[in-house]
Number of protein chains: 2
Amino acid sequence: MVVTHLRSLQALELALRTGSLQAAAEVLWLTPAAVGQRIKALEEYLGVDLLVRGRSGLRPTAELSAALAHLRTAFEELDAAAALLNLQRGDQIHLAAMSDFVELWLRPRLRTFAAEHPQIQFCINGEGDAPLRIGDVDCEIRFGAEQPAVSESDLLFRDFVLPVASPENAHRLARLKPSERLEGFPLLHVDFYRDDREVPNWSDWAEAHGCRRTDPNRGIRFQRIQPALEAVGANAGVALCGLALSRESVERSELCFPFPVSTGRWSAHAFRADFRPKSVVRPQVKAFRQWLLAEATLTRDWLSRICGVSEQRPKPSRRKLSR
Amino acid sequence: MVVTHLRSLQALELALRTGSLQAAAEVLWLTPAAVGQRIKALEEYLGVDLLVRGRSGLRPTAELSAALAHLRTAFEELDAAAALLNLQRGDQIHLAAMSDFVELWLRPRLRTFAAEHPQIQFCINGEGDAPLRIGDVDCEIRFGAEQPAVSESDLLFRDFVLPVASPENAHRLARLKPSERLEGFPLLHVDFYRDDREVPNWSDWAEAHGCRRTDPNRGIRFQRIQPALEAVGANAGVALCGLALSRESVERSELCFPFPVSTGRWSAHAFRADFRPKSVVRPQVKAFRQWLLAEATLTRDWLSRICGVSEQRPKPSRRKLSR
DNA sequence: GTGGTGCCTAAAGATTATCTTTAGCATCTG
DNA sequence: CAGATGCTAAAGATAATCTTTAGGCACCAC
């Protein structure tokens with residue numbers, strides 16, 4: 001009187017709807033083998049074959065076809081109920097990330113991930129496809145020091161900070177002797193890196209590289225990277241800023257280096273992703289994390305190439321990221 | 001996009017339909033605690049209460065009530081599909097048992113079990129509520145020796161064999177000296193016990209108890225107990241037959257003992273129930289087994305009282321029979 | 001043919017989910 | 001107030017379920 005093998009029935013219906021065990025497996029976030037097992041378990045229980053596995057898709061057997069219509073509507077109804085209950089929450093990933101990171105780095109790259117996983121919805125800092133659910137962040141991305149207390153913390157990349165300018169300004173500065181370039185030139189201050197012990201402010205930098213400048217700490221201050229870069233682009237001055245989030249601008253030569261790359265410094269802090277342990281078991285989150293680390297590696301490698309000096313590699317906190 | 005927590009949703013819907021976790025637990029063949037856990041797991045996943053546990057039944061919360069209609073139809077459809085797939089097989093118990101045992105002992109007693117478990121259907125020797133499925137017997141009941149190879153074999157009870165007669169004949173015989181009672185009196189032979197080394201035939205019995213009788217092995221022979229007892233009841237003669245299946249006849253004095261009970265013998269063989277290992281895990285089968293053993297114990301105890309001599313107790317093959 | 005690819009299956013072991021058990025608490029009832 | 005009834009909590013046991021890895025089979029291109 002009570003239906004058993006609910007998961008088997010679900011796999012069965014989905015396999016027929018999608019046309020293959022593989023496709024069903026993808027939707028169910030399982031391996032194809034698992035889907036086959038689900039179905040086989042039911043077939044063995046009933047002692048009857050339910051699915052004809054042929055080339056060019058799957059077909060229901062005669063025994064099944066009578067019941068198939070009921071199965072379809074049943075799972076349609078369940079989908080409807082699930083939608084009302086917001087049960088598809090599993091497909092939603094909630095991020096909290098600094099807006100610089102989101103706007104400059106994450107959002108442009110996220111398109112590739114979204115293309116591969118159309119059903120996954122994001123809620124980033126409370127906005128996005130997925131509705132906001134307070135206190136329910138799956139992953140927080142920050143720029144800071146290691147926090148040993150946070151178990152599932154991935155180091156994405158450190159930043160590489162050096163003077164940057166617009167092409168015009170860089171060209172203008174290039175005509176001056178390095179030691180004279182800053183004198184009288186407007187300096188932009190990015191407070192984003194203020195707490196990083198390795199990142200110099202203009203005063204430190206000028207002194208370290210024998211560059212003359214009066215009142216090196218005066219000038220416009222920016223809390224965030226993006227407005228600072230915009231100011232740089234608007235020829236407002238030269239900024240001491242990290243490149244990690246600006247690969248595209250650098251590659252399009254919108255952002256230039258008025259001083260040798262060797263005058264730059266790796267940050268002590270790094271962009272890090274902290275995953276909630278409870279979230280990290282979800283296959284959707286696993287997939288996102290895997291993708292995030294892969295993208296971060298690309299950025300890290302690019303940075304290393306740019307600055308000519310390999311960043312000290314972080315000890316990779318190896319964790320199973322498989323499905 | 002794919003519904004998770006199917007079992008939780010099932011428990012939820014069922015709890016609301018039946019009005020209590022307990023009732024739902026019974027239908028699901030679970031403990032109430034398990035049903036509560038299922039529902040709670042979903043509530044915790046969603047971060048929302050779904051069920052108001054109040055006195056006088058359960059109520060859905062506002063969050064749930066919108067989805068409830070969909071859940072209902074979903075599980076109705078699943079029930080329909082399950083019916084077509086014969087998925088309710090779990091509620092069917094298939095028995096193979098000697099017809100004597102079925103007709104004389106099991107069938108009258110089975111009413112009490114059926115009353116407690118209305119949803120369970122039986123298929124006994126191919127007949128009954130449940131459709132026949134060959135090669136799919138959950139339990140076989142036989143009269144025979146222990147078979148060590150059969151793991152899940154329960155000893156129900158041994159038989160106690162002694163001369164039995166109808167009230168009339170018993171009364172008639174009582175007027176003769178014990179040693180003369182059989183001479184000229186028709187003897188009925190029950191071949192049911194033929195292979196049992198402990199059960200005497202009339203020849204053995206007559207000799208053992210100093211009872212004169214010419215040609216003690218002649219007379220009508222019966223393969224089964226029931227026809228033999230019917231013949232006894234029809235005053236066809238006196239039979240050497242076991243009592244285990246005949247409690248009701250004895251208690252209604254339809255079956256009498258023309259000789260002292262001390263002339264009876266316990267059978268070496270016993271009525272045994274062999275459960276298929278695969279079946280014995282099913283809660284329905286567990287429930288039946290438990291009931292069967294309890295009923296068997298009643299019969300064994302009654303037999304012991306009747307014959308005044310305690311049967312040697314079988315070593316109880318202790319196995320977990322709990323839900 | 002021959003090798004490659006896509007898709008399903010098999011077997012094993014690992015990992016979870018799920019259940020039972022036992023105890024506890026609150027509410028209702030006599 | 002004692003006793004029932006019904007839900008909940010925590011722990012441990014059990015069983016379902018998944019991943020992994022390997023292998024088979026059909027199809028297809030070369």
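Since we're looking at a predicted model, the values are computed, not measured. Each chain gets a letter, A, B and so on, in the order the sequences are listed, and its residues count up from 1.
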>> Checking contacts here: which listed nucleotide (C/dC19, C/dA11, D/dT8) is nearest the side-chain heavy atoms of A/Q37?
In response: C/dA11
> Whole-Å distance between C/dC7 P and A/L51 CG?
Replying inline: 15 Å
>> Using whole Å, what does the distance between atom P of nucleotide C/dC8 and atom CG of A/D49 come to?
In response: 15 Å
> Out of curiosity, B/L14 CG to B/L9 CG, how far, rounded to the nearest 0.5 Å?
Replying inline: 12.0 Å
> Which of these nucleotides, C/dC8, D/dT17, D/dC7, is closest to any side-chain atom of A/R7?
Replying inline: D/dT17
> Would you call the rings of A/F122 and A/F113 parallel, tilted or perpendicular, where under 30° means parallel and over 60° means perpendicular?
Replying inline: perpendicular
> If you measure from CG on B/L156 to CZ on B/R142, what distance do you get to the nearest 0.5 Å?
Replying inline: 10.0 Å
>> Does a side-chain N or O of B/T31 approach OP1 or OP2 of C/dC19 to a distance below 4.0 Å, or not?
In response: no
> Out of C/dT9, D/dC7, D/dT19, which nucleotide sits closest to the side chain of A/L30?
Replying inline: D/dT19
>> Looking at D/dG6, I'd like to know if its phosphate oxygens (OP1 or OP2) sit under 4.0 Å from a side-chain N or O belonging to B/S20.
In response: no
>> Just the rounded figure in Å: distance from C1' of D/dT19 to CD of A/Q22.
In response: 15 Å
> If you pin A/A33 and A/A41 to their nearest nucleotides in DNA chain D, which one's is more 5'?
Replying inline: A/A41
> OP1 or OP2 of C/dA10 sitting under 4.0 Å from any side-chain N/O of A/K40?
Replying inline: yes
> What is the distance from CD of A/E43 to C1' of C/dC8, rounded to the nearest Å?
Replying inline: 12 Å
>> Could you report the tightest heavy-atom contact between A/L6 and A/F75, atom names first, then the distance?
In response: O-CZ, 4.2 Å
> Among C/dC8, D/dC18, C/dT18, which is the nearest nucleotide to the side chain of A/R38?
Replying inline: D/dC18
> What's the NZ-P distance between B/K278 and D/dA16, to the nearest Å?
Replying inline: 11 Å
> Tell me: CD1 of A/I39 to C1' of C/dC7, nearest whole Å?
Replying inline: 13 Å
> Using the ring of each side chain (for Trp, its six-membered ring), is A/F157 parallel, tilted or perpendicular to A/W105, with breaks at 30° and 60°?
Replying inline: tilted
> How long is the line joining NE2 of A/H5 and P of C/dA17, in whole Å?
Replying inline: 20 Å
>> Can you identify which nucleotide, out of C/dC8, D/dT8, C/dC19, has its nearest atom closest to the A/L58 side chain?
In response: C/dC8
> Expressed in angstrom and rounded to an integer, what is the separation of B/W29 atom CH2 from D/dA16 atom P?
Replying inline: 17 Å
